[in-house]
Amino acid sequence: MISMAATKYSLMELMTVISAREVADGEVVFAGTGLPMLGVMLAQKTHAPGCIIIFEAGTVASRLAHLPMSVGDPRAMRGAATAAGLNEVFTFVLQAGRVDVGFLSGAQVDRFGNINSTSIGADPRHPVVRFSGSGGACDIACLAKRTIIIAKHEKRRFPEKVDYVTSPGWLEGGRSRQAAGLVRGGPDVIVTTMGVIRFRVDTKSPYLASFHPGLTPRGVAEETEFALDIGEAVETAPPSAEELRILRDIVDPERVFLK
Amino acid sequence: MPGKTIGLHQAAALVPDGATLSIGGFTTQRHPMAFVYELIRLRRRNLYLFGHSPGGDWDVLIGAGCVKRVELAYEADEAFNTVGPRWRRAVEQGKIEWEDYSNFSMVARFTAGAMGIPFMPVRSLLGSDVLRKETLTTDERSADPRTAAKKAHVMTSPFNPADRVVLVPAIHTEFAVLHVQKATAAGTVRIEGQSYADIQQALCADTVIVTAEDIVEEDELRRTPELNPIPFFVVKHVCHVPFGAHPYAVYNYYDYDPLQLKEYHESARDDAAYRAYLDKYVYGIRDHQAYLEAVGGPERLAGLKSSPEFGYSPDLKRRL
């Protein structure tokens, strides 16, 4: 590891590196579309070469050579141990409880880590803005043993309560997730372009675990609509030169997601 | 060749206005696009579409005014455009009826239909608005037998009162249309790479139409029957359509076409530009051969060819 002081990186790169660090070597990771594909590929190319990447379109244990732009991308076939379809991975891998980590992004994330990727507006039948919809995100959030959420940090993206719970997090906090009938899982962490948010064990209320270099805890809280406990926040460990090199030169040299 | 092989136009003409239909593939992969463009040229109306994660196959049908109602989990070209532009516009302008599910629950619905049972239990959806909120009203559902009477039903296990599941209703469609790598004139089908939910979609449809990159001899596919997942007698019609999924990818054949996707997504921002896109690539085009010429002919298509080592084009420039 070299000194970071002189290493320049974007907040997007930092967010990707921090999210990748949440994946442990050897874990089974079910990654959603978008930034999670970037994060999980970085994890596989750095500290977690043995992580098993599942994409919902049907691949198990890809050894990615090129960043996929779709979870059904032909690029997901590279080095895969098994290729089947959605039914096989959703039923026998995810629902059966074989996924350690679900890795998701979302348009809106609320204080209990509930994600909205369906629509903005009070009535989903007459939305102000319509998004793609769940895809597999609801299923991953319901059935993985824990969830990593990655999201760009903007105030409007972090409301007190999302307009539509596409992917259940801790729902209303406390034991409400179990009460809803979900048998496992829940959000472990939200990694953003400003910091890292985690949840209290009992109440599931959110707290700022770390803020990114150059920012302040108060600054992060001000850019978050829901109340964020910042009392214990420390500065995020910056990306290493090696992490940045691999991210830029090996994971996303085409700048598919990185700008 | 004959057997079950028919022309693409003839096959598309089998689908009447108001039909229930599912289309194979997944977001930017393996959609029977040539068939979809034929449906648009035929000016089909009031189609009912069922899918998990469609992409531009649905978006262009919706944009061309062919669709009345959809049941889906997702509609986008993923990293090429994170929401289908004409789908978004149709929803925001109140021009389409729809119901939201998740990918797993939609696939469970296709599976139930394929198995001949009325519903499937899943452990997903609990606690979500996908379960709690409904877009179609009870009246709209009961007025139309193409749509299940109820979106979903939460049930306590009869074997354990502490255990709850969500029952999702089976799907039966009149038609399923798949695009695959290889098929025979008898209807034997070979899918290479991810199968998505093509198999379940085929097995819950009355009429299965397969378009294929290559039509091969029966003996060739029967040498490895374990790789032919759909009983051949389920497939009614087969069409030979090379580059039939363009601008989307077909594993081992060709990649998605970033240039064409960019033109589609840029034109879709504006109604007049979108209409011009449809005129240029669909209405003003006689058939699939003419379409392939319109998008740049052999030279352009050669640039999309999969490398034998990867099954896709590793040097493809994807951000333009």
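Protein chains get the first letters and strands the later ones, always in sequence-line order, with residue 1 at the start of each.
Ranked by non-hydrogen atom pairs under 4.5 Å with chain B, the options Ala141(A), Ser176(A), Gly135(A), Ser134(A) are led by Gly135(A). For the set Leu136(B), Thr28(B), Leu125(B), the entry with the most heavy-atom pairs within less than 4.5 Å of chain A is Leu125(B). Contact tally against chain A (heavy-atom pairs below 4.5 Å) for Pro229(B), Ala76(B), Ser102(B), Ala197(B): the top residue is Ser102(B). Of the residues considered (Gly58(A), Ala80(A), Pro168(A)), Pro168(A) shows the highest number of contacts with chain B, using heavy-atom pairs under 4.5 Å. Contact tally against chain B (heavy-atom pairs below 4.5 Å) for Gly133(A), Pro68(A), Pro74(A), Gly34(A): the top residue is Pro74(A). When each of Glu134(B), Glu78(B), Lys133(B) is scored by its heavy-atom pairs under 4.5 Å with chain A, the top score falls to Glu78(B). With respect to chain A, the highest number of heavy-atom pairs below 4.5 Å among Gln93(B), Gln200(B), Arg164(B), Arg318(B) belongs to Arg318(B).
Atom NZ of Lys45(A) has more than 12 heavy atoms from other residues, nucleotides or ligands within 6.0 Å. For CZ of Arg248(A), the number of neighbouring non-hydrogen atoms (other residues, nucleotides, ligands) closer than 6.0 Å is greater than 12.
Side chain of Arg130(A) to backbone of Glu92(B): no donor-acceptor contact under 3.5 angstrom is found. Side-chain atoms of Tyr196(B) never come within 3.5 Å of backbone atoms of Leu86(A) as a donor-acceptor pair (strictly under, hydrogens ignored). With Asp139(A) contributing its side chain and Phe104(B) its backbone, the two residues share a donor-acceptor pair below 3.5 Å. The main-chain N or O of Gly136(A) is never found under 3.5 Å from a side-chain atom of Tyr74(B) such that the two would form a donor-acceptor pair. Side-chain N or O atoms of Glu254(A) include none that pairs as donor or acceptor with a backbone N or O of Arg319(B) at under 3.5 Å. Glu56(A) places no side-chain N or O within donor-acceptor distance of the main-chain N or O of Asn103(B), the cut-off being under 3.5 Å. Between the side chain of Ser195(B) and the backbone N or O of Ala84(A) there is at least one donor-acceptor pair closer than 3.5 Å.
Both the backbone and the side chain of Phe80(B) come within contact range of chain A, with heavy atoms under 4.5 Å apart. Proximity to chain B (any heavy atom under 4.5 Å) is shown, for Val129(A), by both the backbone and the side chain. Contacts of Ala107(A) with chain B are absent, with no heavy-atom separation under 4.5 Å from either backbone or side chain. Looking at Leu67(A), both its backbone and its side chain come within 4.5 Å of chain B, counting heavy atoms on both sides. Contact annotation for Asp255(B): only side-chain heavy atoms (C-beta onward) come within less than 4.5 Å of a heavy atom of chain A. Neither the backbone nor the side chain of Thr156(B) comes within less than 4.5 Å of any heavy atom in chain A. For Val183(A), the part sitting under 4.5 Å from any heavy atom of chain B is the side chain, from C-beta outward, and nothing else. Only the side chain of Arg78(A) comes within less than 4.5 Å of a heavy atom in chain B; its backbone stays farther off. For a residue to count as touching a neighbouring chain, one of its non-hydrogen atoms must lie under 4.5 Å from one of that chain's; by this rule Val89(A) does not touch chain B. Neither the backbone nor the side chain of Val250(B) comes within less than 4.5 Å of any heavy atom of chain A. Contacts between Thr91(A) and chain B at a heavy-atom distance below 4.5 Å involve backbone atoms as well as side-chain atoms. Contacts of Thr111(B) with chain A are made by side-chain atoms alone, with heavy-atom separations under 4.5 Å and no backbone atom involved. Proximity to chain B involves both the backbone and the side chain of Asp73(A), based on heavy atoms less than 4.5 angstrom apart. For Leu316(B), the parts lying under 4.5 angstrom from a heavy atom of chain A are both the backbone and the side chain.
Annotation: the span from Leu171(A) atom CG to Ser128(B) atom OG amounts to 9.0 Å, rounded to 0.5 Å. For the atom pair CG (Leu126(B)) and CZ (Arg177(A)), the distance works out to 10.0 Å, reported to the nearest 0.5 Å. How far CG of Asn252(B) is from CE of Met77(A): 7.5 Å, rounded to the nearest 0.5 Å. A distance of 8.0 Å separates OG1 of Thr118(A) from CG of Asp129(B), quoted to the nearest 0.5 Å. Within the model, atoms CZ of Phe90(A) and OG of Ser105(B) stand 9.0 Å from one another, a figure rounded to the nearest 0.5 Å. Rounding to the nearest 0.5 Å places OG of Ser119(A) at 7.5 Å from CG of Asp100(B).
Residues Val130(B) and Tyr164(A) meet the side-chain proximity criterion, which asks for heavy atoms closer than 4.5 Å.
Thr59(A) and Gln194(B) are not linked by any side-chain donor-acceptor pair at a separation below 3.5 angstrom, with hydrogens and angles left out of the test.
Ser132(A) and Thr82(B) make their closest contact through CB-O, 3.4 Å (heavy atoms, listed as atom of the first residue, atom of the second, distance). Of all heavy-atom pairs spanning Thr135(B) and Arg125(A), the tightest one is O-CD, 3.2 Å.
Below 30°, between 30° and 60°, or above 60°: for Tyr312(B) and His66(A) the angle between ring planes is above 60°, a perpendicular geometry.
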Could you walk me through whether Ser70(A) and Gln29(B) pass side-chain hydrogen bond (donor to acceptor under 3.5 Å, both in side chains), step by step? CA-CA 9 Å; Ser70(A) 159; Gln29(B) 285 74 225; 3.0 Å; yes
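The ring pair (Phe, Tyr, Trp, His ring centres under 6.0 Å) search around Tyr254(B) returns Phe243(B), not counting sequence neighbours.
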